[in-house]
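Below: one structure, written as structure tokens.
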Amino acid sequence: MPKELLKGNVAFAEAAIRAGCEAYFGYPITPQTEALEHMSLRMPELGRVFLQAESEVAAINMVYGAASAGVRVMSSSSSPGVSLMMEGLSYIAGSEVPVVLVDIMRGGPGLGNIAPSQGDYNQIVKGGGHGDYRPIVLAPATIQELIDLTVLAFDLAEKYRAIVVVLADGSLGQMMEPAELPKMKPVRTFSERPEWALTGATGRDPNVISSIYIDPNEEEVFNLKLMEKQRQIEAQEKRWRVVETDDAELLVVAFGTAGRIAQSSVSMAREMGLKVGLFRPISLYPFPYDAIANLAENVKRVLVVEMNGGQMVDDVRLAVEGRVPVGFYGRMGGVVPLPDEVLEQIEQAYKQLT
Amino acid sequence: MPKELLKGNVAFAEAAIRAGCEAYFGYPITPQTEALEHMSLRMPELGRVFLQAESEVAAINMVYGAASAGVRVMSSSSSPGVSLMMEGLSYIAGSEVPVVLVDIMRGGPGLGNIAPSQGDYNQIVKGGGHGDYRPIVLAPATIQELIDLTVLAFDLAEKYRAIVVVLADGSLGQMMEPAELPKMKPVRTFSERPEWALTGATGRDPNVISSIYIDPNEEEVFNLKLMEKQRQIEAQEKRWRVVETDDAELLVVAFGTAGRIAQSSVSMAREMGLKVGLFRPISLYPFPYDAIANLAENVKRVLVVEMNGGQMVDDVRLAVEGRVPVGFYGRMGGVVPLPDEVLEQIEQAYKQLT
Amino acid sequence: MKTEIIISGFGGQGALFAGQLLAYAALENGLEVTWFPSYGPEMRGGTAHCTVILSDQEIGSPVVKNPSAVIVMNIPSLEKYEPLVKKDGILVVNTSLVDRNPGRKDIQVILVPANEIAEELGEKRLANLVLLGALMERLGTLSLEQIGAALKLHIPEHRRNLLEANLKAMARGAKLAHADPASA
Amino acid sequence: MKTEIIISGFGGQGALFAGQLLAYAALENGLEVTWFPSYGPEMRGGTAHCTVILSDQEIGSPVVKNPSAVIVMNIPSLEKYEPLVKKDGILVVNTSLVDRNPGRKDIQVILVPANEIAEELGEKRLANLVLLGALMERLGTLSLEQIGAALKLHIPEHRRNLLEANLKAMARGAKLAHADPASA
Amino acid sequence: MTEANLTESLIYTKPGSLMPIGTHYCPGCTHGIAHRLVAEVIDEMGVREHTIGIAPVGCAVFAYNYFNMDFAEAAHGRAPAMATGLKRVSPDRLVFTYQGDGDLASIGAAEILHAAGRGENITVVFINNAIYGMTGGQMAPTTLPGQRTTSTPTGRDIEVHGFPLKMCEILSELDGAAYIVRRSLHNVANIRRAKKALRQAFEVQQQGLGFSMVELLSSCPTNWGVTAEEALVWIEEHMIPAFPLGDYKVHSAIGGQAG
Amino acid sequence: MTEANLTESLIYTKPGSLMPIGTHYCPGCTHGIAHRLVAEVIDEMGVREHTIGIAPVGCAVFAYNYFNMDFAEAAHGRAPAMATGLKRVSPDRLVFTYQGDGDLASIGAAEILHAAGRGENITVVFINNAIYGMTGGQMAPTTLPGQRTTSTPTGRDIEVHGFPLKMCEILSELDGAAYIVRRSLHNVANIRRAKKALRQAFEVQQQGLGFSMVELLSSCPTNWGVTAEEALVWIEEHMIPAFPLGDYKVHSAIGGQAG
Amino acid sequence: MAKGRIVVNEDLCKGCELCTTVCPKNLIHMAMDHFTPTGYHPAMLVDPAKDCTGCAICAVICPDAAITVYRWVSASKAEPATA
Amino acid sequence: MAKGRIVVNEDLCKGCELCTTVCPKNLIHMAMDHFTPTGYHPAMLVDPAKDCTGCAICAVICPDAAITVYRWVSASKAEPATA
Ligand SMILES: Cc1ncc(C[n+]2csc(CCOP(=O)(O)OP(=O)(O)O)c2C)c(N)n1
Ligand SMILES: Cc1ncc(C[n+]2csc(CCOP(=O)(O)OP(=O)(O)O)c2C)c(N)n1
Ligand code: SF4
Ligand code: SF4
Ligand code: SF4
Ligand code: SF4
Ligand code: SF4
Ligand code: SF4
Ligand SMILES: [Mg+2]
Ligand SMILES: [Mg+2]
């Protein structure tokens, strides 16, 4: 299909529809609302389910219910709304139903503001809900990537019966950019729903969707099963993008919008003859530790750029393990760093190369 | 005062009362409920406020309201209930009102079970709510420490106008152990409430308690202020306990109940002539990175023991920065490791010392 | 010295109180002690149990897999705990409510018709102390006197009148601790 | 080549549409482009603006601090953006709604009585295109023809009838781009 | 007639919609009766294979072990939201939630209110026992004034804790509610009426008339601190006066005035 | 009389309980009128220095900038819980929340229901404009059947989205509610009645009679897509029939039948 | 009058005694001489005179569906019913 | 009859025109010749014949409290009121 000029929120909503999303439950919140609005128009047209829930708490539990029935289902929200989903997400993780959530982050903490931010990295990547679970987290940097990762999210969610969060920020949700949408995928028929799903115990033993294991030993067995699944995910689903890292002496690491901005800065730096490369993690969980560790062998210094007070930087440090110094530059509260600004940081870091 | 035989949940509730807690808002949840029940009996006796909220969401927002009025206020809950408080906690952090929360963790994710667990380390320590904020987190290992840290929590919360979470698990909440309670502290009078509190703008300009900074630049200024506060906290509030670390070749790191169990194992190991020491972080935020880093200079190996799938171990790795190997042993889902079991791990790790 | 004791029965049979009594006695006699109860939905179905650990040094875990002594006051408790008692450990069985005999031969079994004895003493609710008396006599960690002293301090007001009967109950139980298990 | 354009006015004046039109034209002429709107409570108070970035290479940030060109359609917009325009940048002012003159001398100012012109063309709502015409004529990044082509493709059905008028509006605006700022 | 032409026939046995196992409920707890009635109705309607139940967080948390049909276990109070998600993507399945008073009226108040307001086509079995059973007897929104609980040790003081919530009265105000009734499980006659109401509620859902809820006054001998028999008397003497039995909303399509 | 013994006196000016600054509300939005009325009542009662307000998340999120008194900004829908915490520890202060229909009736349904059920001694100013204003015009629980919003682009279909929630009708069912009335801001006469009701509500709180709420039918010209004047007509012609004005609950102590 | 009998499933019975309070013929008593596998004294039918009518009232109130009821009916109109 | 006048605070007026619809004397019009600092055409009193009664009806409906109302009263019973 030809490229169209697409708004991020509309793009991922339409991408979800084309990926066979059968039901959407959500609650309005800036800067994500256009996704809900697009769903409210398109889903009924297609005879699918759209429902504006009474709250994000209800929305995630409606998603939980629909996912238990074995359909492709999603919700989307932004920071404060996502905080209200933490219990529900933990239940979903605890009962292994596939769910896709798009989080269009805004400035915080608290009500904060509606400007673009990456302040919820820890919440989403480390698991803001209770208990040992990790959602797969995908971080797009362009509208095209937002579309592609949303489609991928549905496949991964089903493959692993896990939560997949597409983690973006207000600028990706609000901006328009040329991008290409996938072809429409048909939705499953009722009879095609997975065998574990709650479809009514017709001629089979009952299915149960539950996150309770009252006996700690059984719970531990389940926990170990989840961990085993995480091992697989860590082995198979790491994704990232590198730019000009071959001869790089300074490695810039940034994700999502920060990564996109850093990329402009890196090319500016290259024009100035500085040997700088960019590593942009696309899967935040599983985090590409080894890939960064390997690069850390060859660079002299690492600079992490985030639109927060320093969150992913801990994962970068865990990867670098002290091999080279890891610096950090962050803007917070909804401030989007400008390429020149990041370039300045690159130059300073470069000066300190030994 | 003489030692009494005290149940953990009753002990911290009574400790809070003696520390001048003027209001308690909570919702029943095992294994924390006896705290709420104790408050329901004692607070009215003392003419203070007890209210069973309709939910944890309401409870934390009632706490937010009472804290805005400048009184010492607290809530307590357990894992799923705490997940429901994430939005509220982020608001509280974003408006800098002092709040104390006790989290008696249980097995998860989801409904899980009610057995003792440490599965919510990441949620509580890394900030399960949205935005850049970190609560102070204190982790007791005995009923006495639970009492003392609860009292400290109120002081720190007010000193820094921050959230302080006392993070314990079901076994500490449910068990009885001899311990000593502090003397009763009088509660503040209305006129003694802090000048920033919402007491009615009588003869002064209005006070506002809010977490909204619609202009990203203002939000960033606020974020920087919070970070500055965190620097102070990191400089002044690190707490830990070491046992037999002087000549240790293997360092065991564990917090709370796992730390208490590991301590038995360490003394068993010492009896076997193994040079093993224990590092028990008491403040999980601020995490005692440097103290561990220093010890890492002298030991040959580190073994982290947790009642989860491996969460604090990342902070230990960040401290050790690859100096020596960091091993991990965890039990999950509410299973409490036994001293002999941990001893076995110690012996194995010890064999691998080079 | 470290002794792990589990007391288990229906709710209302006084398993938790018997355990607390033990814990108080330990505290008041300079021992380290932890008391850990069953909680939550385990209550449903009606069983209640607690783990008491007595030691002369700091106690790590308040729970154990294999206790050195167990008092079972009903059938579900027997089924749950008989297999867990340490080799050579002690199992005290309330035969008034348990109509089957323990199978294990590698542990010490004390059979006590606690309800009958309690009724003889004119107070059905004393069965728990009869059983506790039997166990402590065999264990020896704390003397009946020490437990009796703790009882005097911590018996609920509304049951003070039963203090003497309580002490008698323990004594009656203690006697049975000397009986030869085989013959029981 | 990289051009950052901000178009700002009251909601309903068509600032966002003018920006999108520009973005479509860029897309259809092989340029990289991003369009970033104001959103949320900024709407309250009633102002709406968007940032359009045109470039021949991948675009990093979709927002800028100092745009190379700005169209202001009301007084609040003038006050907000005049100070931010890059040195030597372009500021297009809708004098029909802005009764004060920009103070800066280090930028190119184009004064356009857009509403009057639009009314002459018989359609008040064309003011946005008059202003866009003026800006693009001066900028040169995209020709009026190219924008016109985009307009043909993307004008909402219910306004097709106004297509010709729209093109005229841009042309009228373009003329004023040649006027000497001083004399304006 | 003689013994000869008499045969012994089965009058009653445990319904097939219940698993042939024991429950964890305390002796005499009427949760068990509620389970039985729901199962009997599902048996009689022959819809077991097309029914999906949703268990609450509460003493009925393990309901999925006892009902012989597809089941989900919801987060505390969110069963109506979960049921909404399930029903919307499987409109031809019968979906019911089974919730306690803490679950439905306290933490889940918003979800039940909105499910009813939307006329969500689900059936809710609401077990009102005026207490938080599972957590050991704290105050519920339905706890009676003066009633002692472990979180109102001196009795519920309405000045502090407010008034009991009457959910049938509240939900019957909603236009989406099709069938809202209150029954009791304290004796045989009332148990029979309760069963009829449950049948009616499931039929309302089958006919797509909207939201249906049957509130059942139920006992908690354990946390009320009385015997099973005394508990039934307590329902009759204390709960029924506070929570009058009756039909609060009956859709016109099934002969009601309202809706 | 002659000009001589006439003096010019001030009949009306912006109340002192409002800050002397402009608001961010759209031109003609009756949120502004509601602010003014609340401020006038507080001025007239002379309680500004003893009153604490709580702003919602909604277009009124910045109310704390406009009211000249202590103010808190609550999480979306949680103002009643926050007010409960504040009031319980400061019982002699007047505490009011100011909430929109999404805030109060949707995400905050549980908190408002329970605050009313507890008879929480606070005053709630409820702005019903049948829309989510701040987020750009999505469906609210109070959106009318058939009404087009950005999340019901073909109009609210009650089969899908259910029925508008009538909060006065619902909350007046609760024993803890002392004063529950609905007024409108669409013309001068009704604005005057609205003010009287607000005064009454604050007095109910002063007298400690329990929970008081004044629902105000309000306009959203921006998201309704009409002029300020047309919006007032829309209130009269469409909202009032769906949300009848009147007194739904008036405590006997102030002459009502109920409570 | 119709004759019947009940069978108490001791795996399910929890000895709550509710059935004993409702039997119109007062035919149900608790078996104090033994325990169920879960440790309760079960209910049992004591009906020497064959008075049980198979009315199933006991089954209606049994929270644990522990009671199965049989009734003698003329072969012709034999059909299972439910409480 | 009582005479009055109004003053429109142009820092507050948003030109919503509501006041113009309620003045019983139809004395309020929008000033199309200039803008307020926030860019709106403000309301203004057009009262050549001094018909304004100071009834304050305009003030009652003004969402932005932009209208201040004065009225000539006999010095004796001069006292401020509110809408
Ligand atoms: C979020 C959350 N909060 C609290 C709990 C603890 N909890 C479990 S059940 C329950 C209340 C049960 O009472 P009710 O709903 O009346 O059911 P019942 O046991 O009385 O049948 C509570 C508070 C929980 N599991 N999750
Ligand atoms: C948890 C959460 N969810 C959603 C939002 C986004 N949001 C802000 S205001 C609002 C609704 C406002 O509507 P209403 O309460 O009717 O107030 P109005 O603007 O109409 O006056 C929403 C959904 C939020 N800020 N926080
Ligand atoms: S606690 Fe109460 S409600 Fe729960 S099972 Fe026991 S009796 Fe029934
Ligand atoms: S959006 Fe609507 S409610 Fe909000 S300020 Fe504008 S007109 Fe008022
Ligand atoms: S009612 Fe049922 S459970 Fe209770 S005693 Fe009778 S048979 Fe047993
Ligand atoms: S069937 Fe009827 S008569 Fe027979 S035991 Fe049961 S209740 Fe009694
Ligand atoms: S005070 Fe009365 S008469 Fe004078 S302008 Fe206002 S409304 Fe008109
Ligand atoms: S009502 Fe007020 S804001 Fe509106 S035009 Fe009149 S003075 Fe201006
Ligand atoms: Mg209950
Ligand atoms: Mg609204």
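Excluded from the calculations below are hydrogen atoms, water molecules and symmetry mates; all remaining heavy atoms, backbone and side chain alike, are included. Convention: sequence-line order gives letters A, B, ...; per-chain numbering from 1.
Across Asp120(B), Asn308(B), Asn223(B), the residue that shares the most heavy-atom pairs under 4.5 angstrom with chain A is Asn223(B). When Glu321(A), Glu87(A), Lys126(A) are compared by the number of non-hydrogen pairs under 4.5 Å with chain B, Glu87(A) comes out ahead. For the set Arg317(A), Met227(A), Arg323(A), the entry with the most heavy-atom pairs within less than 4.5 Å of chain B is Met227(A). Of the listed residues Gly94(A), Gly309(A), Ala115(A), the one with more heavy-atom pairs under 4.5 angstrom with chain B than any other is Gly309(A). Between chain A and the residues Asn217(B), Asp314(B), Ile92(B), the largest count of heavy-atom pairs under 4.5 Å involves Asp314(B). Interface check for chain A: of the options Gly110(B), Gly333(B), Gly108(B), Gly131(B), the most heavy-atom pairs under 4.5 Å are formed by Gly110(B). Between chain A and the options Met105(B), Glu56(B), Arg331(B), the largest number of non-hydrogen pairs under 4.5 Å is found for Arg331(B). When the candidates Gly107(B), Gly334(B), Pro80(B), Gly88(B) are compared by the number of heavy-atom contacts under 4.5 Å with chain A, Pro80(B) comes out ahead. Of the listed residues Gly119(A), Gly322(A), Gly128(A), the one with more heavy-atom pairs under 4.5 angstrom with chain B than any other is Gly128(A). Among Met86(A), Gln118(A), Met85(A), the residue making the largest number of heavy-atom pairs under 4.5 Å with chain B is Met86(A). The choice from Ile124(A), Leu318(A), Val320(A), Val336(A) that makes the most heavy-atom pairs within less than 4.5 Å of chain B is Leu318(A).
Residue contact with chain A, scored on non-hydrogen atoms closer than 4.5 Å, is absent for Asp103(B). Residue contact with chain A, scored on non-hydrogen atoms closer than 4.5 Å, is absent for Arg106(B). Of the atoms belonging to Gln311(B), it is side-chain heavy atoms, and not backbone ones, that fall under 4.5 Å from chain A. For Leu226(B), the part lying near chain A is the side chain, with the backbone staying farther off; criterion is any non-hydrogen pair under 4.5 Å. Neither the backbone nor the side chain of Val82(B) comes within less than 4.5 Å of any heavy atom in chain A. Interface residue Ser79(B): backbone and side-chain heavy atoms are both found under 4.5 Å from chain A.
With 3.5 Å as the limit, one finds a donor-acceptor pair spanning the side chains of Glu341(A) and Tyr329(A). Checking Glu54(B) against Tyr27(B) by side-chain atom types alone, no donor-acceptor pair falls below 3.5 Å.
Side-chain contact between Pro281(A) and Val253(A): present, with at least one pair of heavy atoms (C-beta onward) separated by less than 4.5 Å. Between Leu89(B) and Tyr133(B), some side-chain heavy-atom pair lies under the 4.5 Å cut-off. Contact annotation: the side chain of Gln32(A) never approaches that of Val102(A) to less than 4.5 Å [non-hydrogen atoms, C-beta and beyond].
Taken to the nearest 0.5 Å, the CZ atom of Phe255(A) stands 9.5 Å off from the CZ atom of Phe287(A).
At least one donor-acceptor pair under 3.5 Å links the side chain of Ser210(B) to the backbone N or O of Ile212(B). In terms of modelled atom types and a separation under 3.5 Å, the side chain of Ser95(B) and the main chain of Ser211(B) share no donor-acceptor contact.
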| message | Would Glu306(A) and Val313(A) count as a side chain to side chain contact (heavy atoms under 4.5 Å, CB included) here? Give the steps. | response | CA-CA 8 Å; Glu306(A) 300 182 68; Val313(A) 63; 3.7 Å; yes

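Ring geometry for Phe222(B) against Tyr213(B) counts as parallel: the plane angle stays under 30°, on a 0 to 90° scale with 60° as the upper cut.
Nearest heavy atoms, Ser90(A) versus His130(A): OG-O, 2.7 Å.
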